[in-house]
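Input: a single structure, listed below in structure tokens.
Note that this is a predicted model, so its numbers are computed, not measured.
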2 protein chains.
Amino acid sequence: MNIGTASRQSGLPPKTIRYYEDIGLLTADRAANGYRDYSSEDVHRLRFVQRSRSLGFSVEECRQLLSLYTDRDRASADVKAIATEKLGEIDRKIVELTGLREMLGHLVEHCHGDGRPECPIIDGLSGKSQGH
Amino acid sequence: MNIGTASRQSGLPPKTIRYYEDIGLLTADRAANGYRDYSSEDVHRLRFVQRSRSLGFSVEECRQLLSLYTDRDRASADVKAIATEKLGEIDRKIVELTGLREMLGHLVEHCHGDGRPECPIIDGLSGKSQGH
DNA sequence: TATTGGGGTTCCAGCCACTGGAAGTTCAAG
DNA sequence: CTTGAACTTCCAGTGGCTGGAACCCCAATA
């Protein structure tokens with residue numbers, strides 16, 4: 001199957017698939033006319049990467065996961081270690097974003113947002129005390 | 001004051017400060033020896049950018065905020081519009097990350113993580129049904 | 001049969017927001 | 001007088017694509 005079909009079936013843009021081949025993440029056979037030729041196994045791998053990426057794994061981590069995926073004898077502990085590490089990262093990001101949200105939310109809340117120039121958001125960003 | 005001092009007082013690495021000057025975000029005076037020379041007002045602006053960046057504003061948004069910051073006559077509504085938009089983005093990011101966390105958390109939870117090769121994480125990523 | 005249009009191919013450049021490193025000045029301290 | 005830190009500029013690289021140019025290939029239509 002051509003790259004367009006593989007793209008539709010995996011959810012990855014053709015450009016991205018070519019890029020992944022470029023960096024040696026996933027290779028494809030070539031048809032006689034030079035077109036890339038994908039098997040359904042290839043599409044499985046592409047979708048695997050697509051899901052892993054959307055779960056927040058970096059491309060390098062995807063490379064690791066992919067080799068664990070194709071290695072029938074790997075220990076599940078190896079996979080769990082990577083995923084657990086990533087889970088921690090996601091948790092830290094959520095905490096950070098939540099703090100951020102609260103801070104900016106406070107600022108927006110206290111800004112009356114009219115034509116006058118007094119603005120607690122600007123004051124907050126510039127470091128002026130908000131008095132609470 | 002030299003760039004190192006400004007760096008310490010603003011919380012931005014010297015490289016980043018130079019980069020900001022490069023892209024025309026913040027300029028600095030020059031001393032006779034060619035060193036950048038920062039006033040405390042410059043440091044205020046640097047810290048303003050530092051805070052804005054850490055609150056999730058892009059550099060381009062910082063440029064806008066900075067011009068609102070220095071414009072004594074701007075309407076607070078202008079600032080509020082930018083901040084509110086950004087708040088929505090942060091909320092969307094939190095929702096996305098929370099979904100992600102849940103999904104990966106499930107996978108990790110169900111992986112026994114021992115020496116055997118069966119691994120629900122890999123199965124989940126590859127698209128195999130988890131049966132719930 | 002010519003041509004149109006929608007695939008595919010390569011390669012090069014750019015995005016964002018830095019960051020690292022090389023090579024050269026300047027300055028303060030010992 | 002020398003050492004070492006801090007400063008300068010400039011160039012290149014990061015990650016993960018994405019856009020665009022210029023070309024080839026193939027099926028369908030006038």
Side-chain angles (χ1 to χ4, degrees), chain A residues 1-39 42-43 45-66 82 86 89-90 93 96-97 100, chain B residues 1-39 42-43 45-66 86 89-90 93 96 100:
Chain A
M1 110 189 40
N2 283 349
I3 200 170
T5 315
S7 165
R8 257 161 270 129
Q9 288 188 20
S10 65
L12 289 167
K15 277 263 180 190
T16 302
I17 298 178
R18 288 193 201 101
Y19 168 71
Y20 286 163
E21 185 171 327
D22 228 49
I23 61 170
L25 187 61
L26 291 153
T27 51
D29 286 346
R30 293 295 176 131
N33 58 8
Y35 285 18
R36 286 172 182 80
D37 186 23
Y38 295 89
S39 68
D42 290 332
V43 171
R45 271 191 285 269
L46 285 170
R47 220 168 31 212
F48 181 89
V49 172
Q50 192 276 319
R51 278 162 200 263
S52 306
R53 288 286 301 127
S54 83
L55 274 173
F57 291 97
S58 75
V59 166
E60 278 321 297
E61 284 160 339
C62 287
R63 205 189 291 274
Q64 286 179 58
L65 286 170
L66 212 47
I82 299 180
K86 190 46 60 174
E89 269 173 52
I90 293 174
K93 244 183 230 172
E96 190 194 356
L97 269 180
L100 223 113
Chain B
M1 119 194 25
N2 282 349
I3 199 170
T5 315
S7 163
R8 255 162 271 129
Q9 289 188 21
S10 66
L12 289 167
K15 277 263 179 191
T16 302
I17 298 178
R18 288 194 200 100
Y19 168 72
Y20 285 164
E21 185 170 328
D22 229 49
I23 60 170
L25 188 61
L26 291 154
T27 51
D29 286 345
R30 293 294 176 132
N33 58 7
Y35 285 19
R36 286 173 182 80
D37 186 23
Y38 295 88
S39 69
D42 290 331
V43 172
R45 271 192 286 269
L46 285 170
R47 220 171 29 215
F48 181 89
V49 172
Q50 192 276 319
R51 277 163 200 262
S52 306
R53 288 286 301 128
S54 83
L55 274 174
F57 291 97
S58 75
V59 167
E60 279 320 297
E61 284 160 340
C62 287
R63 202 189 293 272
Q64 285 179 60
L65 286 170
L66 211 47
K86 191 46 62 175
E89 268 173 53
I90 293 174
K93 245 183 230 173
E96 190 193 357
L100 222 114

Open item on the list: Which is more 5' along DNA chain C, the nucleotide nearest Tyr35(B) or the one nearest Glu60(B)? Just name the residue.
Closed with: Glu60(B)
Open item on the list: Taking only side-chain N and O atoms of Arg53(A), does any of them lie within less than 4.0 angstrom of OP1 or OP2 on dC17(D)?
Closed with: yes
TODO: Would you mind telling me which of dT10(C), dT8(D), dT19(C) lies closest to the side-chain atoms of Pro13(B)?
DONE: dT19(C)
Open item on the list: Checking Thr5(B) against Asn2(B): is there a side-chain donor and acceptor pair closer than 3.5 Å?
Closed with: no
- [ ] Using only side-chain N and O atoms of Ser58(B), determine if any of them is under 4.0 Å from OP1 or OP2 of dC16(C).
- [x] no
Open item on the list: If I take atom CG in residue Leu12(A) and atom C1' in nucleotide dC17(D), what distance separates them, rounded to the nearest angstrom?
Closed with: 11 Å
Task: Side-chain N or O of Arg36(B) closer than 4.0 Å to phosphate OP1/OP2 of dT8(D) - done: yes
Open item on the list: Whether the side chain of Lys15(A) and the base of dG20(D) hold a donor-acceptor pair under 3.5 Å is what I'd like checked.
Closed with: yes
- [ ] To the nearest Å, give me how far apart CG (Asn2(A)) and C1' (dA27(D)) are.
- [x] 13 Å
Task: Length of the CD-C1' vector between Gln50(A) and dC17(D), whole Å - done: 14 Å
Task: Integer-rounded Å distance: dG7(C) C1' and Ile17(A) CD1 - done: 14 Å
Open item on the list: Please determine whether a side-chain nitrogen or oxygen atom of Asn33(A) lies at a distance below 4.0 Å from atom OP1 or OP2 of dC26(D).
Closed with: yes
Task: Nearest-Å distance for atom pair OH/C1', residues Tyr38(A) and dG8(C) - done: 11 Å
- [ ] Respond yes when some side-chain nitrogen or oxygen of Arg18(A) is under 4.0 Å from OP1 or OP2 of dG16(D), and no when none is.
- [x] no
Would you tabulate the side-chain donor-acceptor contacts of residues 11-26 of chain B under 3.5 Å, counting partners in other chains and residues two or more places apart, or write 'none'?
unit_1, atom_1, unit_2, atom_2, d
Glu21(B), OE1, Arg36(B), NE, 2.8
Glu21(B), OE2, Arg30(B), NH2, 3.3

Task: Among dT19(C), dG8(C), dG16(D), the nucleotide that comes nearest once only the side chain of Val59(A) is considered - done: dG16(D)
TODO: Ignoring backbone atoms, test whether Tyr20(A) places a side-chain nitrogen or oxygen under 4.0 Å from the OP1 or OP2 oxygen of dC17(D).
DONE: yes
Task: Charged N-O contact under 4.0 Å between Lys93(B) and Glu96(B) - done: no
TODO: With the side chain counted from C-beta on, respond yes when Ser52(A) and Glu61(A) share a heavy-atom pair under 4.5 Å apart, and no when they do not.
DONE: no
Open item on the list: Strictly below 4.0 Å: does Thr16(A) bring a side-chain N or O up to OP1 or OP2 of dT18(D)?
Closed with: yes
